[in-house]
Amino acid sequence: MRTGIYPGSFDPITNGHLDVLQRAANLFDELIIAIARDNAKSSLFTMDERVQMIEQTVRDNQLTNVRVLPFEGLLVKFAREHNAQAVVRGLRAISDFEFEFQMALMNRKLDARVETIFLTPREELTYISSRIVKEIARLGGDVTTFVPPNVVSSLKAKLII
């Protein structure tokens, strides 16, 4: 069975993430969305809230081969524990590439059996990021075209807008 891992903080999941997720789900028998416990950032949503939002998004999009799991620690260790052959990373812009390339090389050095696959979202979604979505929502802007419907509700409830 081919298993892939799509890691990220997903705070919150965006339509760009969803686009990459849907295409990655077509490449694997099982795709695990690995939600990172984000120690370096201060997340708007708790781990449980992020898990719930992504599970709802997965159900709403009928992605039956996708599981959602929290993780912390080394990604390659998580990949080994789940018998994953590949890590999927989304690239929006050239600026993402340098960091992602460095991480892919480091992961390969730590465990050469785990490949990294880079996918880009559809062109019209490349400018969307969780950080920008949260800022727009904080300022009372409409984020309905940037995130799945259940995330719009979660943002409104969290930010009381």
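Keep in mind it's a predicted model, so treat the numbers as computed, not measured.
Using a 4.5 Å heavy-atom threshold, the side chains of T3 and D29 count as separate. At a threshold of 4.5 Å between non-hydrogen side-chain atoms, the residues T120 and F118 do not count as touching. D111 is listed as a side-chain neighbour of R80, based on a closest heavy-atom distance under 4.5 Å. In this structure the side chain of V114 never reaches within 4.5 angstrom of the side chain of N107, judged on heavy atoms. Looking only at side-chain heavy atoms (C-beta outward), V87 and I117 stay at 4.5 Å or farther from each other. In this structure, the side chains of I33 and R67 stay at 4.5 Å or more apart for every pair of heavy atoms.
I32 and I35 fall into different hydrophobic clusters, where Ile, Leu, Val, Met, Phe, Trp and Tyr residues are linked whenever their side-chain heavy atoms come under 4.5 Å apart, directly or through other members. Put simply, L21 and L91 are part of two different groups of oily side chains (I, L, V, M, F, W, Y) that touch within less than 4.5 Å, one to the next. Follow the hydrophobic side-chain contacts under 4.5 Å out from L75 and you never reach I54; the two are in separate clusters. At a threshold of 4.5 Å between side-chain heavy atoms, the hydrophobic network of Ile, Leu, Val, Met, Phe, Trp and Tyr places V20 and I132 in one connected group. Using a 4.5 Å cut-off between side-chain heavy atoms of Ile, Leu, Val, Met, Phe, Trp and Tyr, with links allowed through other members, M47 and F71 fall into different hydrophobic clusters.
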Is there a side chain to side chain donor-acceptor pair (under 3.5 Å) between Q52 and D48 once you walk through the steps? CA-CA 6 Å; Q52 289 172 1; D48 287 342; over 6 Å; no
Do N15 and T145 pass the side-chain contact (heavy atoms from CB on, under 4.5 Å) test, and can you show the C-alpha distance, the side-chain angles, and the key distance before you say yes or no? CA-CA 8 Å; N15 287 338; T145 59; 5.6 Å; no
Please test I136 against K134 for side-chain contact (heavy atoms from CB on, under 4.5 Å), starting from the C-alpha separation and ending with a verdict. CA-CA 6 Å; I136 292 168; K134 287 185 288 193; over 6 Å; no
Report the C-alpha separation of V68 and V58 in whole Å, then their side-chain angles, then the decisive distance to 0.1 Å, and conclude whether the side-chain contact (heavy atoms from CB on, under 4.5 Å) test is met. CA-CA 9 Å; V68 180; V58 166; 4.3 Å; yes
Could you check V152 against V147 for side-chain contact (heavy atoms from CB on, under 4.5 Å), going step by step and ending with a plain yes or no? CA-CA 7 Å; V152 173; V147 295; 3.5 Å; yes
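Once rounded to the nearest 0.5 Å, the distance linking CD of E55 with CG of L69 reads 8.5 Å. Between atom CD of residue Q85 and atom CD of residue E115 there is a gap of 10.5 Å, rounded to the nearest 0.5 Å. Annotation: the span from Y6 atom OH to L31 atom CG amounts to 9.0 Å, rounded to 0.5 Å. To the nearest 0.5 Å, atoms CG (L44) and CG (L155) are separated by 6.5 Å. The distance from the CZ atom of R122 to the CG atom of L125 is 4.5 Å, given to the nearest 0.5 Å. Atoms CZ and CZ, from F10 and F45 in turn, are 14.5 Å apart once rounded to the nearest 0.5 Å.
Contact record, I13 with L18: CG1-N, 4.5 Å, taken as the closest heavy-atom pair. In this structure, S130 and P12 approach most closely via the heavy-atom pair OG-O, 2.6 Å. Nearest heavy atom pair, residue R138 against residue L159, reads N-CD1, 3.6 Å. Shortest non-hydrogen contact noted between A36 and R50 is O-NH1, 3.2 Å. Taking both residues in full, the closest heavy atoms of F78 and I5 are given as CD2-CD1, 3.5 Å, listed atom of the first, atom of the second, then distance.
Taking a cutoff of 4.0 Å between a charged side-chain nitrogen and a carboxylate oxygen, K158 and E49 qualify as a salt bridge.
Judged purely by atom type and a 3.5 angstrom limit, T14 uses its side chain to pair as donor or acceptor with the backbone of H17. In terms of modelled atom types and a separation under 3.5 Å, the side chain of R89 and the main chain of P7 share a donor-acceptor contact. Remark: the backbone N or O of L27 is paired with a side-chain donor or acceptor of R2 at under 3.5 angstrom. A donor-acceptor pair under 3.5 Å is formed between the side chain of N65 and the backbone N or O of F28.
With no hydrogens or angles considered, a side-chain donor-acceptor pair links T57 and N150 at under 3.5 Å. There is no side-chain donor-acceptor pair under 3.5 Å between S9 and D11. No side-chain N or O of N26 forms a donor-acceptor pair with one of Q22 less than 3.5 Å apart.
For Y127, the OH atom sits in a packed shell: over 12 heavy atoms of surrounding residues, nucleotides or ligands are nearer than 6.0 Å. For R113, the CZ atom sits in a loose shell: 12 or fewer heavy atoms of surrounding residues, nucleotides or ligands are nearer than 6.0 Å. More than 12 non-hydrogen atoms from other residues, nucleotides or ligands lie less than 6.0 angstrom from CZ of R23. The environment of R131 atom CZ is sparse: at most 12 non-hydrogen atoms of other residues, nucleotides or ligands sit within 6.0 angstrom.
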